[in-house]
Amino acid sequence: MSTALLQVENLFCERDDRILFEDLCFSINAGEVIQVEGRNGSGKTTLLRILSGLSNHYEGEIFWKGQDISGVRDDFRRELLYFGHHPGVKAILTPEENLHWYAAMHPGIKGNEISEALDKVGLAGFEDSPCHTLSAGQNRRVSLARLHLTQAKLWILDEPFTAIDKKGVAEKEQMMIDHAKRGGTVILTTHHELAISDQIRRFNLDELAGT
Amino acid sequence: MEHKLTNEQSTTAEGSVLSLFWAVLKRDLMLAYRKKSDLFNPLIFFLMVATLFPLGVSPEPDFLAKVAPGVVWVAALLATLLSMDSLFRSDFEDGTLEQTLLSPQPLFIVVLAKVLAHWMMSGLPLTFLAPLLGVMLFLPAEGMSGLMLSLLIGTPTLSLIGAIGAALTVGLRKGGVLISLLVLPLYIPVLIFGTSAVQAAVTGLPLAGFFALLGAILALGLVMAPLAIAAALRISVSG
């Protein structure tokens with residue numbers, strides 16, 4: 001393994017005159033599952049938004065496969081799946097329509113796998129009900145169905161288990177482990193106690209920021 | 001052989017851009033269709049202005065005929081502006097805008113499709129409703145074609161420019177007022193040439209010059225505005 005998948009050097013970020021982290025350096029290799037920890041407000045979401053390229057409020061350098069990320073944005077986005085605080089599900093569309101739109105935005109996804117993916121996240125039978133009639137957990141499951149569809153290598157998941165039941169959490173944990181075994185990488189934040197904690201690398205922002 | 005390969009690649013790339021454009025357009029039209037209040041709001045506003053104006057100013061046919069081009073155009077402009085704030089708002093709130101920005105697809109095409117869908121739901125119905133307002137305001141029959149054509153070419157520009165303002169303010173809690181301030185100065189040329197075209201049609205003067213100017217503004221907007229909208233969206237989401 002010569003170059004790390006994602007490498008971060010001297011990352012600095014402040015919010016409202018409060019330094020969230022400075023001189024943050026780490027590298028992430030293919031096949032790792034990384035859990036970012038930290039108390040509320042320690043900048044976990046901010047870090048994930050910076051890594052995914054949504055936020056530009058940082059100083060420092062980020063390298064994707066050894067190249068400066070700003071130069072290879074398109075390649076990076078092709079390999080990225082981001083799951084944010086807002087699940088990215090339109091309330092007045094059905095789960096199937098939501099995923100069809102996502103498939104249109106990501107050319108690697110095949111439209112005919114969508115009903116299978118919905119089946120796998122336990123939404124069979126709900127394909128045609130608008131998402132605002134579904135529960136909060138089901139809405140997040142619609143978004144998590146993307147994990148079954150995507151070809152992306154890097155998964156960035158911000159609190160993916162909120163409002164998901166225990167069985168669902170266990171399934172998703174297994175998916176992450178399988179993804180890592182196939183050579184993929186997962187970066188996630190969660191306050192859940194993960195059953196797979198021996199197979200993941202932890203990453204505590206409170207300690208790393210050192211302030 | 002190599003030539004053939006690149007040709008094939010370029011045709012598939014073209015096909016995927018078209019299918020992306022179509023997918024975004026279809027989704028936005030479906031969203032508008034399922035949420036009809038957003039659809040009728042600008043139209044009702046448009047109709048209200050034309051109804052209330054004679055009551056408030058003067059019901060004299062001669063006077064109304066004189067001001068009709070300006071009133072219809074100003075009403076169309078404000079109705080478009082009214083509908084602008086919602087263009088990216090719901091996408092921003094439920095996170096689909098984040099997903100859009102993170103997709104490898106060209107944002108230019110996505111934004112263009114979204115603005116086209118918005119225009120089909122605001123500018124196009126306004127254009128079809130305009131003759132009714134013209135009749136209500138005693139606009140001479142010769143002016144009708146000029147009114148419709150100028151709105152048909154002018155309202156897409158209004159949507160494109162308004163979308164820049166909407167993209168810049170989508171990250172703010174209350175962006176409504178700010179949009180007006182940002183966008184109104186840019187609307188003024190469209191308004192001037194649009195009303196001039198209608199007045200010229202009423203008096204029987206040649207129209208081609210006005211339409212050429214409106215068309216030129218639209219062409220410039222089609223090429224430049226999506227770039228500005230895309231950049232503005234990235235800034236708004238980054239904040």
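Sequence lines set the chain letters: A, B, ... in the order given, protein chains first and strands last, and positions in each chain run from 1.
No donor-acceptor pair under 3.5 Å is formed between the side chain of B:Q99 and the backbone N or O of A:F83.
Open room surrounds NZ on B:K26; 12 or fewer heavy atoms of other groups in view lie less than 6.0 Å from it. Counting heavy-atom neighbours within 6.0 Å of B:Y33 OH, excluding the residue itself, gives a total of 12 or less. Other residues, nucleotides and ligands contribute more than 12 heavy atoms inside 6.0 Å of the CZ atom of B:F108. Applying the 6.0 Å contact sphere to NZ of B:K36 captures more than 12 heavy atoms from other residues, nucleotides or ligands. The 12-atom threshold is exceeded at NZ of A:K172, counting heavy atoms of other residues, nucleotides or ligands nearer than 6.0 Å.
Checked against side chain to side chain donor-acceptor pair (under 3.5 Å), A:E116 has no partners two or more places apart in sequence or in another chain. Residues passing the ring pair (Phe, Tyr, Trp, His ring centres under 6.0 Å) test with A:H192, sequence neighbours excluded: A:F161. Contacts of A:R140 classified as salt bridge (Lys or Arg N to Asp or Glu O under 4.0 Å), with partners at least two apart in sequence or in another chain: none.
Interface remark: of the candidates B:L97, B:V237, B:I235, B:V237 forms the most heavy-atom pairs closer than 4.5 Å to chain A.
Nearest heavy atoms, B:L20 versus A:A104: CD1-O, 3.6 Å. Among all heavy-atom pairs drawn from A:R77 and B:S103, the shortest one is CD-O, 3.4 Å. Between B:L102 and A:H106, the closest heavy-atom pair is O-NE2, 4.3 Å.
Using a 4.5 Å heavy-atom threshold, the side chains of A:K90 and B:D91 count as touching. By the 4.5 Å heavy-atom criterion applied to side chains, A:E79 and B:P104 are not counted as neighbours. Side-chain contact between B:R34 and A:L93 is present, with heavy atoms from C-beta onward closer than 4.5 Å. B:M30 has its side chain within reach of A:E97: a pair of non-hydrogen atoms, C-beta onward, lies under 4.5 Å apart.
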### Task
Verify side-chain contact (heavy atoms from CB on, under 4.5 Å) between A:W101 and B:D28, making sure each step is shown before the conclusion.
CA-CA 10 Å; A:W101 173 77; B:D28 271 40; over 6 Å; no

### Query
Should A:H86 and B:T96 be marked as a side-chain contact (heavy atoms from CB on, under 4.5 Å) after you check the CA-CA gap, both sets of side-chain angles, and the distance that decides it?
CA-CA 8 Å; A:H86 305 289; B:T96 43; over 6 Å; no

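At a 4.5 Å heavy-atom cutoff, the contact between A:Y102 and chain B is made by side-chain atoms alone. For chain B, the nearby parts of A:I92 are the backbone and the side chain; heavy atoms of each come within less than 4.5 Å.
Listed in order of number, the residues of residues 43-55 of chain A that approach chain B to under 4.5 Å between heavy atoms are A:R49, A:S52, A:L54, A:S55.
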